[in-house]
Visitor: 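Got a structure for you, questions after.
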Amino acid sequence: MTLYLNDLGLLCALGNSKAEILKRLLAGDRSGLATSDEFGTRCIIGAVSSDLPQIDERYSLYNCRNNRLLLAAFSQIEPTVTDMIARFGADRIGIVLGTSTSGVRNTELALAYWADHGVLPDQFHYKQQQMGAGADFLADFLGVQGPAYTISTACSSSGKAFASARRLIRLDLCDAVIVGGADSLCGLTMNGFAALESISTGLCKPFGLHRDGINIGEAASLFVLSKDPGPVVLQGIGASSDAYHFAAPNPDATDVIRAMQLALDDAGKTPAQIDYLNLHGTATVLNDAMESKAVNALFGSTVAASSSKGMTGHTLGAAAALELAFCWLLLSSDDERGTLIPNSNDDERDPVLPALHLAKQGETLGRRIDTCQSNSFAFGGNNLSIVVGRA
């Protein structure tokens, strides 16, 4: 069964439209990353700067920034979804999302209000921070009755959503699934990563000699997955779990290699058939060392690769869907030169790392990009890799 990624809506620190984001992405634009002290620790973040749509009063228990990000992304795919609801029926449309923060920022603000006033604000509802709130909100907003749920496996959350969405269609439970994820900035993640000493002191430097941690970002990315022919094919998914450590990656990279190989096997591809590899590339010392080892072991140093987190920040639970969206943009473009996403880090490559072909700004494949692979790794060893191709 061939499944297609028919449409895409996304917004992140690079903008709120596909054309704007692709232009800035290929230019290696890092201007979306800026210093902030809004969340209790002064650091560089990748915030969405565009105005977000308001959530109607009748959905007030879902009213949080995370769901407003989802609503903004959904507005870009609304005609496709409306058409599929009309053709397949509301009970045949599913929703599978990934997140790691949901609306926890609302709870942070509500608790601050409670500390000052002794009561919670009238507009606060605990549902706003529940992990499943995004899928529940979209299902309620759209009036669809298919399966609707959220997956939370830290930074691979929205990638795992694609495996689950694909299964719903293969089991004939759905004809189409809205799939992706969203994460919004909050004090919990800012201070949590600061406590782990994983926040960069400046702009993050994926695979750079002077890398010292991540910049946290926010984003929403929503796709429509179905059997209807579309511009991009979901070709393969590979997942593994090494359970090595709560936060640190397994340095031997065995299970990350396994996830990438499983994705290739599922897609019926060899490493040589991948035109571009979007790396997890968090810019932490340990992750980049582990991923370099894994990629070099499986692909050698020839496949064009980069981390896009130097332009968006690490969007945590939304990262997998966001970076798959970047692959979708490459595959659906008519660029016959195959312009690659650069590994923007304003730093020299760490010579200790196993050699990788890290794409530079303006570098091209020399032909159309036809096949991409994207990696996402998470706390607890939740590893995921996805292969997508031009239809």
Visitor: Are Tyr113 and Phe124 near enough that their ring centres are under 6.0 Å apart?
Guide: no
Visitor: Is a donor on one side and an acceptor on the other found under 3.5 Å between the side chain of Ser36 and the backbone of Ile45?
Guide: no
Visitor: Compute whether any side-chain donor of one residue and acceptor of the other, for Thr107 and Gln129, lie under 3.5 angstrom apart.
Guide: yes
Visitor: Quick check: closest heavy atoms across Met131 and Thr101, and the distance to 0.1 Å?
Guide: CE-N, 4.5 Å
Visitor: Can you check whether Gly89's main-chain N or O pairs, donor with acceptor, with Arg92's side chain at less than 3.5 Å?
Guide: no
Visitor: Could you verify whether a donor N or O on one side chain and an acceptor N or O on the other, from Asp228 and Ser226, lie under 3.5 Å apart?
Guide: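 Checked: Asp228/Ser226 side chains show no N/O donor-acceptor pair below 3.5 Å.
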Visitor: Near Arg258 CZ, under 6.0 Å, is it more than 12 heavy atoms from other residues, nucleotides or ligands?
Guide: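 No, not enclosed.
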Visitor: Is the closest side-chain heavy-atom distance between Val48 and Leu185 below 4.5 Å?
Guide: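 No; the side chains remain at least 4.5 Å from each other.
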Visitor: Does any N or O in the side chain of Gln145 come within less than 3.5 Å of the main-chain N or O of Gly143, such that one atom is a donor and the other an acceptor?
Guide: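 Yes, Gln145 side chain to Gly143 backbone: donor-acceptor pair under 3.5 Å.
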Visitor: Can you establish whether the number of heavy atoms outside Asp116 located under 6.0 Å from its atom CG is more than 12?
Guide: yes
Visitor: Kindly check if the number of other-residue, nucleotide or ligand heavy atoms within 6.0 Å of CZ (Arg87) is above 12?
Guide: yes
Visitor: Indicate if Tyr4 and Leu324 have the same hydrophobic cluster label, given that clusters are the connected sets of ILVMFWY residues with side-chain heavy-atom separations under 4.5 angstrom.
Guide: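 Unlinked, Tyr4 and Leu324 end up in two clusters.
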Visitor: I'd like to know if the side chain of Ser307 pairs up with that of Asn343 as donor and acceptor (distance under 3.5 Å, no hydrogens or angles considered).
Guide: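 Absent: no donor and acceptor within the cut-off.
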Visitor: Can you find a pair of side-chain heavy atoms, one from Leu142 and one from Ile93, that are under 4.5 Å apart?
Guide: no
Visitor: Between Asp346 and Lys205, is there a salt bridge with N-O shorter than 4.0 Å?
Guide: no
Visitor: Between Ser385 and Asn375, do the side chains contain an N or O donor and an N or O acceptor separated by less than 3.5 Å?
Guide: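 Side-chain D/A pair, Ser385 to Asn375: present.
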Visitor: Is any side-chain heavy atom of His245 closer than 4.5 Å to one of Asn250?
Guide: no
Visitor: Please check this pair: side chain of Asp183 against backbone of Ser100, looking for a donor-acceptor N/O pair closer than 3.5 Å.
Guide: yes
Visitor: Assess the residue pair Ile21 and Phe326 against the criterion (side-chain contact (heavy atoms from CB on, under 4.5 Å)); give the C-alpha distance rounded to whole Å, side-chain angles, the decisive distance to 0.1 Å, and a yes or no.
Guide: CA-CA 9 Å; Ile21 289 171; Phe326 296 161; 3.7 Å; yes
Visitor: Test of understanding: clusters of I, L, V, M, F, W, Y form through side-chain heavy atoms closer than 4.5 Å, transitively. Do Phe162 and Leu322 belong to the same one?
Guide: yes
Visitor: Test Leu70 against Leu97 for side-chain contact (heavy atoms from CB on, under 4.5 Å), laying out the working first.
Guide: CA-CA 10 Å; Leu70 283 170; Leu97 304 179; 3.8 Å; yes
Visitor: Write down the atom of Cys186, the atom of Thr189, and the distance for their closest heavy-atom approach.
Guide: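 In terms of heavy atoms, the two residues are closest at O-OG1, 3.2 Å.
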Visitor: Side-chain contact test, heavy atoms from C-beta onward, threshold under 4.5 Å: evaluate it for Pro351 versus Leu209 and give yes or no.
Guide: yes
Visitor: Will you find, in the side chains of Ser156 and Asn382, an N or O donor that is under 3.5 Å from an N or O acceptor?
Guide: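 Absent: no donor and acceptor within the cut-off.
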Visitor: Side-chain heavy atoms under 4.5 angstrom apart, residues restricted to Ile, Leu, Val, Met, Phe, Trp, Tyr: same cluster for Leu365 and Val232?
Guide: yes
Visitor: Taking side chain as C-beta onward, heavy atoms only, is Leu222 less than 4.5 Å from Val179?
Guide: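 No, every pair of side-chain atoms sits at 4.5 Å or beyond.
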Visitor: Out of Ile216, Thr41, Thr284, Ile44, which one pairs with Ile199 under the side-chain contact (heavy atoms from CB on, under 4.5 Å) rule?
Guide: Ile216
Visitor: For the residue pair Gln130 / His125, report whether a side-chain donor-acceptor contact shorter than 3.5 Å exists.
Guide: no
Visitor: Can you label the angle between the Tyr62 ring and the Phe137 ring as parallel, tilted or perpendicular, going by 30° and 60°?
Guide: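 Aromatic pair Tyr62/Phe137 classed tilted.
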Visitor: Could you tell me if the side chain of His357 sits less than 4.5 Å from the side chain of Val303, heavy atoms only?
Guide: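 Sidechains of His357 and Val303: no contact.
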Visitor: Within the structure provided, determine whether Asp275 and Arg390 are in side-chain contact (heavy-atom separation under 4.5 Å).
Guide: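 Side chain of Asp275 against side chain of Arg390, heavy atoms only: no contact under 4.5 Å found.
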Visitor: Report yes or no: does His314 contribute a side-chain atom to a donor-acceptor pair with the main-chain N or O of Leu316 at less than 3.5 Å?
Guide: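 Indeed, once roles are kept as given, a pair shorter than 3.5 Å links the two residues.
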Visitor: Is there a donor-acceptor pair closer than 3.5 Å between any side-chain N or O of Asp350 and the backbone N or O of Phe207?
Guide: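 No, Asp350 side chain to Phe207 backbone: no donor-acceptor pair under 3.5 Å.
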Visitor: Tell me yes or no: between the side chains of Asn383 and Asp242, is some donor less than 3.5 Å from an acceptor?
Guide: yes
Visitor: Of the non-hydrogen atoms in Leu225 and Ile169, which two are nearest, and what is the gap between them?
Guide: O-CD1, 3.5 Å
Visitor: For the side chain of Asn66 and the backbone of Ser184, is there at least one donor-acceptor N/O pair under 3.5 Å apart?
Guide: yes
Visitor: Distance-only, no hydrogens or angles: does the Asp288 side chain make a donor-acceptor pair with backbone N or O of Ala283 under 3.5 Å?
Guide: yes
Visitor: Of Thr282, Leu33, Asn215, which is the lone residue that meets side-chain contact (heavy atoms from CB on, under 4.5 Å) with Ser200?
Guide: Asn215
Visitor: Say whether Asn106 and Gln128, considering side chains only, have a donor N or O and an acceptor N or O under 3.5 Å apart.
Guide: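 Result is yes, a qualifying pair exists.
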Visitor: Which residue, Cys327, Cys372, Ser306, forms the side-chain contact (heavy atoms from CB on, under 4.5 Å) with Ile341?
Guide: Ser306
Visitor: Looking only at side-chain N and O atoms, does Asp212 offer a donor or acceptor that is under 3.5 Å from a partner on Thr201?
Guide: yes
Visitor: When you look at Ser164 and Tyr149, which way does the side chain to side chain donor-acceptor pair (under 3.5 Å) test go after all the steps?
Guide: CA-CA 10 Å; Ser164 192; Tyr149 52 92; 2.5 Å; yes
Visitor: Under a 3.5 Å distance rule, please check whether Arg42 uses its side chain to pair with a backbone N or O of Thr35 as donor and acceptor.
Guide: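 No; zero donor-acceptor contacts below 3.5 Å.
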Visitor: What's the verdict on side-chain contact (heavy atoms from CB on, under 4.5 Å) for Ile55 and Leu71, showing C-alpha distance, side-chain angles and the deciding distance?
Guide: CA-CA 8 Å; Ile55 291 177; Leu71 190 57; 4.1 Å; yes
Visitor: Going through the distances and angles, do Asn287 and His280 end up as a side-chain contact (heavy atoms from CB on, under 4.5 Å)?
Guide: CA-CA 8 Å; Asn287 176 86; His280 186 54; 3.3 Å; yes
Visitor: Can you say whether the rings of Phe193 and Phe379 are parallel (under 30°), tilted (30 to 60°) or perpendicular (over 60°)?
Guide: tilted
Visitor: Give a yes or no on whether the backbone of Pro53 and the side-chain of Arg68 come within a donor-acceptor separation of less than 3.5 Å.
Guide: yes
Visitor: Is it true that the side chains of Ser31 and Arg24 contain a donor and an acceptor less than 3.5 Å apart?
Guide: yes
Visitor: Starting from Ile386, can I reach Val233 by hopping between I/L/V/M/F/W/Y residues whose side chains sit under 4.5 Å apart?
Guide: no
Visitor: In plain terms, say whether Arg166 and Asp266 are close enough for a salt bridge, that is, a side-chain N and a carboxylate O under 4.0 Å apart.
Guide: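 Asp266 and Arg166: salt-bridged.
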Visitor: Measure the shortest side-chain to side-chain distance between Leu356 and Phe299 over non-hydrogen atoms and say whether it is less than 4.5 angstrom.
Guide: no
Visitor: Of the non-hydrogen atoms in Arg105 and Glu108, which two are nearest, and what is the gap between them?
Guide: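 So the minimum-distance heavy-atom pair works out to NH1-OE1, 2.8 Å.
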